[in-house]
Amino acid sequence: MFYFFVISPPLPQANVDVPSVPPFEELFRNEAPYVLRLLARFGIAEREREDVAQEVFVRVHAKLSSYDPARPLRPWLYAFAYRCASNHRRLARNIAERPTSDLDAQTELSARAPEEQLFQKERHRHLMDLLECLDWKDRSVLVLHDLEELSVKDIADSLDAPATTIYSRLHSARKKLIALAQADIHEEANHAR
Amino acid sequence: MQDDSIPEELEALYASERERPLPSNARVNALWQCVSAQIGGGAGGAGGSSEGGAGGSGPTLGGGQALRAAGEVGGASSTSAISALASTLSNAQLIGALGAALAVGGVAGYQVGVKTAQGTQASKSNREATQKTSSILEPQALEPQTPEPRTPEPQTSEPQKNADLPTNNDGDDLSHHTEERAKSERNTRKTNANEGSSSPSVSRVREERRILDVARNSLDRKILSRARDALVEHEQLFEAGLLREEREAMMIHLLRLEGRDEAADERLDAFEARYPKSPFLHQLTR
């Protein structure tokens, strides 16, 4: 029985530098702030964000063994956040109460000057209001690409969609967002007159 | 390849959003409490990947750690040991060594089996032990599951009431009392049902968050009386709540806004002593 081992070819060294799956708590501590911010950008109301984030991490925990450490972590993680946010928004009771802007970022104890804070708040509220007008799929691609700075390929892998679809959603979302922003400016100008 | 660079019109729109601050540590800690409470029961199962790498080391993953150790014993380390031996020993020595290695492997495998079987039970005690250790390291992160709010608790006061009530020879309560008890049990079940929809502490943390959000919004708008009311309400309901650190920070901020610098300094000293690594400190000490 032992001869089998003797004549078998030498096995590869095990000390090759292979990235390993991070322990769950470490992953949570490093990534939870980003997941919470992503959920805010996806338009999940502040009072529900922790619950959705909890669901995300519970699912991540269950699937952690299927994560391939050779691939970047964040797109993999964001795919969970996308699905949970998507499910959450689909529920009728959440649609009825969806806020048009997010107070979370405005209300952090900030070291900035009050005028600057106010200016930031307004701009932030403006973008969130505009994003709320977009279709969910367009919005999610736009957020993942333009704000979270994932590549089209990573988004396509995460969302299980062809890269061309992601490109077309991205362009369509940007076009709509620009149009909405311009319409908003005109409206404000008319209102000021 | 299509061009995916961001148009200039949007760059200006995105600028403020890119500077959005990340959520505070206190918030992340509160979320960790909820997540670890929910995954606590089945944490060991997810840790047992074939790579032996996903075991995790958090307070909830005691079983996972045992399985990860099993992965190391039975997987990568034994293969590397065999190849290292093969390059240095002669055939006869190698056969002997392999025999010994297999015997050791068998013993290790048996121990792993025993450990795995004990894992589920051990994970619970590991969790408790780790939480105790962590609570010393990070007092704000691991407050005990926030205590009951100081609202009327009919079920807890029942035994006191019952002591004064007449009983029959077997010590059972008389009929009028059983009715009262049934009522209190109904209340208890109702409370559990309300809180049991998700993780036990979620609703409480959410309530804490709601009150503190009111306080923070009021502070932002300089409505000091409302901010004070909310902070006092939080203090009364959740004296040792998960978000106590945040409450204390806001209270100091409020005292400063009210011009009560002496009281603010006093509170700040206590805060600094209690939370020396608090992310709020640099804002409060400016």
Side-chain angles (χ1 to χ4, degrees), chain A residues 2-3 5-6 10-15 20-21 23-26 28-29 32-34 36-37 40-41 46-47 50-51 53-54 57-58 61-67 69 103-111 119-120 123-124 126-128 130 145-147 152 167 170-171 174 177-178 181-182, chain B residues 2 4 6-7 9-10 13-24 27-28 30-32 34-35 38-39 43 46 48-51 53-59 61 76-77 79-80 82-83 86-87 91 94-95 98-99 198-199 202 205-206 209-210 213 216-217 220 249 253 280 283 286:
Chain A
F2 299 136
Y3 286 104
F5 293 102
V6 176
L11 293 163
Q13 295 287 324
N15 59 357
S20 60
V21 179
F24 180 69
E25 186 175 355
E26 186 189 316
F28 177 89
R29 300 254 176 224
Y34 295 96
L36 283 167
R37 191 178 64 179
R41 288 173 172 173
E46 194 190 355
R47 65 183 174 279
E50 262 104 0
D51 286 354
Q54 183 179 1
F57 280 102
V58 168
H61 179 262
K63 296 279 180 188
L64 194 56
S65 58
S66 69
Y67 167 61
L103 288 170
D104 178 37
Q106 306 170 31
T107 51
E108 290 288 338
L109 278 175
S110 173
F119 182 64
Q120 289 286 347
R123 297 189 64 160
H124 170 81
H126 185 217
L127 177 62
M128 286 296 124
L130 295 179
H145 187 275
D146 287 2
L147 298 175
V152 169
Y167 272 117
L170 184 61
H171 287 298
R174 280 174 177 173
L177 194 62
I178 291 171
Q182 283 171 349
Chain B
Q2 297 189 50
D4 59 351
I6 299 172
E9 300 98 312
L10 292 181
L13 258 181
Y14 293 160
S16 63
E17 181 56 29
R18 290 216 174 101
E19 287 174 24
R20 178 200 273 264
L22 288 168
S24 65
R27 239 182 132 167
V28 172
L31 182 58
W32 171 247
C34 301
V35 171
Q38 197 169 345
I39 64 176
S49 72
S50 56
E51 291 94 345
S57 56
L61 305 178
S77 60
T79 52
S80 63
I82 290 169
S83 58
S87 60
N91 279 1
L94 194 58
I95 291 165
L98 281 170
S198 50
S199 178
V202 172
V205 175
R206 198 190 295 143
R209 161 75 36 220
R210 188 193 64 74
D213 282 346
R216 204 189 284 118
N217 282 332
D220 253 16
H253 193 53
F280 298 115
Q283 292 165 8
R286 271 189 318 126

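Convention: sequence-line order gives letters A, B, ...; per-chain numbering from 1.
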What's the shortest heavy-atom distance between Leu36(A) and Pro23(B), and which atoms?
CB-CG, 3.6 Å

What's the spacing between Leu10(B) CG and Arg174(A) CZ if we round to 0.5 Å?
7.0 Å

Over all heavy atoms of both residues, which pair between Val28(B) and Phe28(A) is shortest? Give the atoms and the distance, please.
O-CE2, 3.6 Å

Looking at Asp146(A), Val58(A), Leu147(A), which has the largest count of heavy-atom pairs under 4.5 Å with chain B?
Asp146(A)

With a 4.5 Å cut-off on heavy-atom pairs, point out which of Leu170(A), Val152(A), Leu177(A) contacts chain B the most.
Leu177(A)

Of all heavy-atom pairs between Gln54(A) and Leu31(B), which one has the smallest distance, and what is that distance?
N-CD1, 3.9 Å

For the residue pair Phe57(A) and Gln38(B), establish whether any side-chain heavy-atom pair is separated by less than 4.5 Å.
no

